[in-house]
Amino acid sequence: MHAAMSRAWLIGAGPGDVELMTLKATRALAQADVVLVDDLVNPDVLQFARADALVIYVGKRGGHPSTPQAGIVAQMLAHLRAGRSVARLKGGDPFVFGRGGEELQALQAAGIDADVINGITAGIAAPAAIGIPVTHRDHAQGVVFVTGHSAGSGEPDWAALVATRMTLVIYMGMRRLSDIVAALLAAGMNADTPCAAIESATRPEQRHALARLGEFADTVSRAGLGSPAIVVIGGVASLALARHAPMKTLSVGVGCRLHTSAEQIETAVRAALGSHTFDEISTIASIDSKAHEAGLLEFCARHALPIALFSREQIAAIPVAEPSAAAREHLGVDGVCEPCALLGAANVSAGSAASAASAASAVPNAQLLVRKTAHAGVTVAIASIIARTEHEPTTHDTEKQDLP
Ligand code: SAH
């Protein structure tokens, strides 16, 4: 039907977390008639594909049967020649150890021009997921991305890599980890060098292990870590956070009209969050007249977030910078979202029921991070709960996990 317009994309789906996909990737995916998916791709990203798209799984996880590379390209070509647009979805970045280069060459050889859309590669995302920067002025001048799976291309020159003194980020290194560690030690790398392995990074099932090089292979095998995992070797691994789970420090105040949908609230909260994530939210706060507001309750349930409701009196006790005539008319308060965000934060930091009096006096332990924002009739403000000293993420010394 639209043969002339059929297109091909090589798309990086990122490391797993759907939100780490690029806008360009989601937009291309939404145009594809056919989607060929690798097995490291989180199937959740298919939410961006058309409902009627043909989805083909062509996994090739090490050791398991898979569609041969030539077969994948042949399938792509068949669909393209039939006038269908084809998206080839790969984990991470399509050009980093993903055979994306080979597939692009094969397509080009057949006269097809494919667009390459970058993704966030696991070698950067996995270390970051536990607080490890792959470079850091104090630890490494650079980073080397290397495969630990030597099939076909011969063994990396580990001694040469040790000599660079750069961070080593190893893909596909789990099966041969003890050999790799032995080679690094033999090449003179210090047995005290910090190491990390991160399995299924940015996914709910993410796990990791930290150890010094000398004990690393044992530690990883005792922890039962396997593929897919990224191995990081070098001083930067000492920066891994002991608590890499995001701290729940945000209280989100929501004001909405009757019959506002969960989607509308979701959109407004997402917009107000900016670069913050839902994981950082500790509570949703609103006025108690919204106790039965279906959209609001559904939104909270969806994100497993508790809701804190405050009375008109509690809310009226918190001054609002720009009073809203509509809120005053309908609810008898000058504004809902900002006072509720602050009350919600005070509520959490008090660790028990809110005391309207203490919240009103100064709203201790809370400050407005995002002032009132409005999105399609939903108002949102965000207060941050000021961490008490024992939670304060100040220096590396208090944050980094002690290595054995
Ligand atoms: N193109 C991909 C890499 C493909 S090679 C990218 O840019 O990320 C496959 C290897 O990537 C796995 O063996 C593992 O080492 C790594 N990998 C991919 N996704 C991962 C994840 N979520 N967590 C840890 N490692 C991952």
Side-chain angles (χ1 to χ4, degrees), residues 7-32 34-50 53 55-62 72 86-104 114-135 143 145-147 167 169-174 196-208 225-232 241 244-246 270 273-280 303:
R7 297 182 59 179
W9 300 272
L10 283 179
I11 302 177
D17 181 345
V18 170
E19 299 203 330
L20 290 177
M21 243 180 128
T22 66
L23 291 174
K24 212 181 181 92
T26 61
R27 286 179 185 150
L29 202 45
Q31 295 177 56
V34 181
V35 185
L36 286 95
V37 189
D38 264 1
D39 58 8
L40 280 180
V41 171
N42 183 349
D44 290 351
V45 307
L46 294 170
Q47 67 185 266
F48 301 112
R50 289 207 327 255
V55 177
I56 305 170
Y57 294 89
V58 291
K60 52 170 179 52
R61 188 71 76 80
I72 296 172
V86 176
R88 176 79 175 98
L89 255 186
K90 292 175 161 291
D93 185 278
F95 275 3
V96 180
F97 300 125
R99 301 214 194 173
E102 291 166 46
E103 288 180 22
L104 187 67
D115 287 332
V116 176
I117 301 178
N118 290 114
I120 298 182
T121 189
I124 295 174
I130 60 166
I132 300 177
V134 290
T135 72
V143 50
F145 296 109
V146 59
T147 172
T167 305
V169 169
I170 306 172
Y171 292 69
M172 299 169 275
M174 295 304 268
I198 310 106
E199 178 193 285
S200 300
T202 81
R203 297 210 186 197
E205 63 272 23
Q206 173 181 311
R207 301 190 299 156
H208 73 274
L225 292 190
S227 198
I230 286 289
V231 168
V232 185
L241 299 182
H244 49 87
R270 214 174 267 287
L273 276 172
S275 61
H276 292 280
T277 65
F278 275 90
D279 293 342
E280 295 170 72
H303 293 282

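FYI, side chains are in, hydrogens and waters are out, and symmetry mates aren't considered; it's all heavy atoms of this structure. Residues take their numbers from the sequence shown, with the count starting at 1.
- A 4.5 Å side-chain heavy-atom check between Val18 and Asn42 finds at least one atom pair inside the cut-off.
- If you take OG1 on Thr22 and CG on Asn118, they are separated by 8.0 Å, rounding to the nearest 0.5 Å.
- Applying the ring pair (Phe, Tyr, Trp, His ring centres under 6.0 Å) test to Phe95 and every residue at least two apart in sequence or in another chain returns nothing.
- Side-chain atoms of Lys90 never come within 3.5 Å of backbone atoms of Gly12 as a donor-acceptor pair (strictly under, hydrogens ignored).
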Under 3.5 Å donor-acceptor pairs involving side-chain atoms of residues 23-30, not counting sequence neighbours:
{"from": "Thr26", "atom 1": "OG1", "to": "Leu23", "atom 2": "O", "distance (Å)": "2.8"}

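- Closest heavy-atom contact between Ile11 and Ala87: CD1-CB, 3.8 Å.
- Between the Glu199 side chain and the Gly226 main chain, a donor and an acceptor come within less than 3.5 Å of each other.
- Taking CH2 of Trp9 as the start and CG of Leu36 as the end, the distance is 12.5 Å to the nearest 0.5 Å.
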Please evaluate residues Arg99 and Ile72 with respect to the criterion side-chain contact (heavy atoms from CB on, under 4.5 Å), reporting the C-alpha separation (whole Å), side-chain torsions for both, the decisive distance (0.1 Å), and the verdict.
CA-CA 11 Å; Arg99 301 214 194 173; Ile72 296 172; over 6 Å; no
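- No side-chain donor-acceptor contact under 3.5 Å links Thr121 to the backbone of Gly92.
- Within the 4.5 Å cutoff, no side-chain heavy atoms of Val169 are placed close to those of Val146.
- Evaluation of the ring pair (Phe, Tyr, Trp, His ring centres under 6.0 Å) rule for Tyr171 yields Phe97 as partners, not counting sequence neighbours.
- Shortest non-hydrogen contact noted between Ala13 and Leu89 is CB-CD2, 3.7 Å.
- Atom OH of residue Tyr57 and atom CG of residue Leu46 lie 5.0 Å apart, to the nearest 0.5 angstrom.
- The pair Asp115-Arg7 counts as a salt bridge, with a side-chain nitrogen and a carboxylate oxygen less than 4.0 angstrom apart.
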Donor-acceptor contacts under 3.5 Å from residues 126-134 side chains, at least two apart:
none

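- Residue Ser200 is tested with Arg207, Glu205, His208 for a side-chain contact (heavy atoms from CB on, under 4.5 Å); the sole match is Glu205.
- Residues meeting the side-chain contact (heavy atoms from CB on, under 4.5 Å) test with Ile120, sequence neighbours left out: Pro15, Leu20, Ala125.
- Side-chain contact between Glu103 and Leu10: present, with at least one pair of heavy atoms (C-beta onward) separated by less than 4.5 Å.
- Between Met174 and Ala197, the closest heavy-atom pair is CE-CB, 4.3 Å.
- For residues 40-50, the salt bridge (charged side-chain N to carboxylate O under 4.0 Å, His left out) pairs, not counting sequence neighbours, are Asp33-Arg50, Arg50-Asp52.
- Ile56 is not listed as a side-chain neighbour of Val37, based on a closest heavy-atom distance of 4.5 Å or more.
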